[in-house]
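Before any comments, here is the structure.
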Amino acid sequence: MTKDLFIYNSLTRNKELFQPIQSPHVGLYVCGPTVYSNVHLGNCRTFMFFDVVFRYLTHLGYKVRYVRNITDVGHITSQFDEGVDRIGEQARLEQLEPMEIVQKYTDDFRSVMRVFNNHSPSIEPTATGHMIEQMEMIKKILDQGFAYEVNGSIYFDVQAYRKQYPYGELSGRNVEELYENTRTLDGQDEKRFFADFALWKKASPEHIMRWPSPWGEGFPGWHLECSAMSTKYLGDQFDIHGGGMDLKFPHHESEIAQNTACCGKGPVRYWMHSNMLTVNGQKMSKSLGNSFLPHELFAGSHPLLEKGYTPQVVRFFMMQAHYRSTLDFSNDALNAAERSYERMMGAYSALADCKASASSTADTAALEQRCYAAMGDDFNTPVLVAELFEAVRMINGCKNGQLDLTADNLLQLKRIMEVFLIEVLGVQPMEEAASTELPDLMMDAVFEVRKTLKEKKDYATADLLRDVFAKRNIGIKDTKEGGEWSYEKK
RNA sequence: GGUCCUGUGGCCGAGCGGCUAGGCAGAGCUCUGCAAAAGCUUGUACAGCGGUUCGAAUCCGCUCGGGACCUCCA
């Protein structure tokens, strides 16, 4: 069975066969959040997708080191010196210490990641915890002649860098065009060249988050931490770097420049960028004011939502679109995802009830191969989901006695569902609350009573029993063997 | 303005030269006291106009619509 993995590399704009630098080890770095406010759903999409990358690589047998940083140094909100930093500003607003803001929203981020069933990264380093590494990197870049100091600030020297290395390859832009399209700005006098970016900024007197450095008190530039931390934990060159598409420029472009200036070579083999979550066709973002917070979604409290959806439904919803496509967020789409999730999970639990036959015409081996092919084709989760629905049809058919499956088939189906649905996509079955022993025993008694009532043709009472449970959100279904029941998550 | 992406049936979304994914919703049938679930069947979609080709949703050109980035953003 072939389990080749092809990854679309943003840098080369091609799908390439994945070959780790040092198999079986794989280094994966993903840009994490800036913890100055609650993560919204758009952020979650990216992290959920790279969680699937992490899960699938692990499933393939790779020893993955997954590093996802926490940005806990506030970046400047404008290109000007007088811009405020986000964390400092939020600290003022909430009347807290900056590090209290960091703690609060880091906690929020982690709990949201958990409810969405994301695995924890192998390492989750913080920018403030790596000041020394960042300063060391600045020193190296200075030594190589690709940066200069002005007034206690250090800037990356794009002009000098371009004499030796290409700049702008990832985002596909050239400096001349950039220049034409950059408004002439005040407050740039410190820079030698408009495209230069800060590696270190001198802190103004009112700036709270500040660290001593060889160049005076200040704070690191916002691209630097990722370069410093990826190098520290994954080495000069590592396999995969991921992030949202909106980070391509300038963030990732600058990372490449910093690493190359520092170590003489590009840091990343495969660049991966996930596309945006949209609302009514527009990018979900905090600044546009159209972002959804996870708890608003679960509770259905957002004005644009008719009802709430569980985290697992949302995850399943996200998996039905390819990561490089935008995904539009709407009630209709979520409702469809909810129904399909229920069907999928219904089949998953029905697997246990399937009886094996002596012979079969179903080709579960081919199905399994197609699942690997889907994931191997640049993590094509929507195609994988389509294949899983093929498994659903087989399982339901078998359960109804309309399709014969051998014991081998059933084993294979079980493996497909467990590997791809549960392990790789990371979608969990509905809360286990409905399946503890006691409720099942009690419900068995209820089915017994209903059976008797039906035998006596007392349908009114039988229906009453069903309605009484329906009022408590417990659904009852008749089956040949007796009955089934479930919590209706409506 | 520059660079790039995108437009698929009622809705969401794959596919990216031939074999017309998948889900949700709809219709019919089977099953059923009714219903639900499930299974089966069903839907002649690829923005428009040209072109390339034996053959195009898929390639090229133009037109129209939507979006992203161009130093806040996952």
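Residue numbering restarts at 1 for every chain, and letters A, B, ... go by the order of the sequence lines.
- For A/Tyr459 and B/G33, the ring-to-base geometry satisfies the stacking test (centroid distance below 5.5 Å, interplanar angle below 30°).
- As judged by a 4.0 angstrom heavy-atom cut-off over every strand, A/Ala350 is placed among residues making no nucleic acid contact.
- Under 3.5 Å, the side chain of A/Asn400 and the base of B/C40 form no donor-acceptor pair of N or O atoms.
- Note on A/Gly32: only backbone sugar-phosphate atoms sit closer than 4.0 angstrom, heavy atoms only; bases stay farther off.
- Listed nucleotides B/G23, B/G33, B/A38 differ in distance to A/Ser340; the shortest reach to its side chain belongs to B/G23.
- Looking at heavy-atom distances under 4.0 Å, A/Arg393 makes contact with sugar-phosphate atoms alone, never a base.
- Nucleic acid contact for A/Asp328: sugar-phosphate only, since backbone atoms but no base atoms lie under 4.0 Å from a heavy atom of the residue.
- With hydrogens and angles disregarded, no donor-acceptor distance shorter than 3.5 Å links the side chain of A/Asn400 to the backbone of A/Gln402.
- Residue A/Met245 is classed as having no contact, given no heavy-atom separation below 4.0 Å to the nucleic acid.
- B/G22 and B/U63: their P atoms are spaced 37 Å apart (whole Å).
- Within 4.0 Å (heavy atoms only), A/Asp463 reaches at least one base atom of the nucleic acid.
- Judged by atom type and distance alone, A/Arg86 reaches the base of B/C72 through a side-chain donor-acceptor pair under 3.5 Å.
- Counting non-hydrogen atoms under 4.0 angstrom, A/Ser274 reaches nothing in the nucleic acid.
- Electrostatic pairing of A/Arg55 and A/Asp51 counts as a salt bridge here, judged by a charged N lying under 4.0 Å from a carboxylate O.
- Tested against A/Ser10, the residues A/His241, A/Lys248, A/Met245, A/His252 include a single side-chain contact (heavy atoms from CB on, under 4.5 Å) partner, A/Lys248.
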Would A/Thr12 and A/Glu16 satisfy side-chain hydrogen bond (donor to acceptor under 3.5 Å, both in side chains), going step by step from the backbone distance to the final call?
CA-CA 9 Å; A/Thr12 59; A/Glu16 298 170 3; 2.4 Å; yes
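- Look at A/Arg92 and A/Glu89 and you find a salt bridge, because one of the NZ, NE, NH1 or NH2 atoms lies within 4.0 Å of a carboxylate O, short of that distance.
- A gap of 15 Å separates the P atoms of B/A21 and B/A14, to the nearest Å.
- Nucleic acid contact class of A/Met344 (heavy atoms, under 4.0 Å, all strands): none.
- Here the P atom of nucleotide B/U30 and the CD atom of A/Gln402 are 13 Å apart, to the nearest Å.
- Within 4.0 Å of A/Gly281, counting heavy atoms only, lie sugar-phosphate atoms of the nucleic acid but no base atom.
- Across all strands shown, B/C40 forms a Watson-Crick or G-U wobble pair, both distances under 3.5 Å, with B/G28.
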